[in-house]
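This report refers to the structure that appears directly beneath it.
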Amino acid sequence: MIKYQHVLVASDLTDGSDIVIKKAEELAKQMGSHLSLLHVVEPLPGYGYAFVGSAEIELQLVEEAKRQLAKLGKQLNVKEGDQYVEIGPTKIEITRVAEEIGVDLIIVGSHGRHGLSNLLGSTANAVVHNANCDVLTIRLK
Ligand code: AMP
């Protein structure tokens, strides 16, 4: 059996992503992998212009994401140092963090879009094409 040493699970923290978390948890357990969790907070539109309070809202989003990741971390036995909350474009941040912490597998959900919406680019698509490591996409309902 192939064993991945370090697995990064990127979660949008929505209810629909439970299946991604569940499968990642089981796979990591079976392979004895080190597990890391990532949530990305997208910069608010207009940030950098005169949008008063946007930095504060962003900070609140980061704090809320940290709380949710901590809860998830407890459930999956992932320690705080392996829980990442980053601000930036999601597609870029997932592959950047993966490289920075040296994972050999990224797990993301995929809605399996077709046609135009696929051309416009899903997160999973971008990660598959930009990552330097293997990527497992979990089909979302
Ligand atoms: P989407 O392209 O929005 O359908 O998202 C597909 C998958 O990309 C999700 O199931 C997550 O694995 C990942 N993803 C999307 N948004 C985020 C986010 N803000 N932070 C971390 N991962 C994300």
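Note that ligands are numbered from 1 as they come in the structure, with each ligand's atoms numbered from 1 the same way. Only this structure's heavy atoms are used, side chains among them; waters, hydrogens and symmetry mates stay out.
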#### Entry: Check ion pair E25-K22 (N to O, under 4.0 angstrom)
no

### Value rounded to 0.5 Å, distance of CG in D104 from NZ in K3
12.5 Å

### Query
Can you find a heavy atom in the side chain of V7 that is under 4.5 Å from one in the side chain of I107?
yes

### Task
Please state whether S11 comes within less than 4.0 angstrom of ligand 1, counting heavy atoms only.
yes

### Message
Would you say that R96 contacts E86 through its side chain, given a criterion of any heavy-atom pair below 4.5 Å between the two side chains?
### Response
yes

### Message
Is the shortest side-chain heavy-atom distance between S33 and H6 below 4.5 Å?
### Response
no

### Query
Under 4.0 Å from any heavy atom of L140, which atoms of ligand 1 are there?
10 (O)

### side-chain contact (heavy atoms from CB on, under 4.5 Å) between T137 and V135, intermediate numbers included
CA-CA 6 Å; T137 63; V135 179; 4.2 Å; yes

### Task
Go through ligand 1 atom by atom and flag the ones less than 4.0 Å from a non-hydrogen atom of V108.
12 (O)

### Query
Side chain, backbone, both or neither: which part of S17 has a heavy atom under 4.0 Å from ligand 1?
neither

### Task
Give yes or no for whether the N/O distance cutoff of 3.5 Å, strictly under, is met between S110 and ligand 1.
no

### Task
Check whether L38 and Y4 end up in the same hydrophobic cluster, where Ile, Leu, Val, Met, Phe, Trp and Tyr are linked by side-chain heavy atoms less than 4.5 Å apart.
no

### Query
For ligand 1, is any non-hydrogen atom under 4.0 Å from H39's backbone (N, CA, C, O), its side chain (CB onward), both, or neither?
both

### Message
Please check whether A124 reaches ligand 1 - meaning an N/O of the residue sits under 3.5 Å from an N/O of the ligand, judged on distance alone.
### Response
no

### Query
Got an N/O contact under 3.5 Å between G109 and ligand 1?
yes

### Task
Taking only heavy atoms of V40 into account, list the atoms of ligand 1 that are under 4.0 Å away from them.
18 (C), 19 (N), 20 (N), 21 (C)

### Summary
For L38, the atoms of ligand 1 under 4.0 Å from one of its heavy atoms are 21 (C)

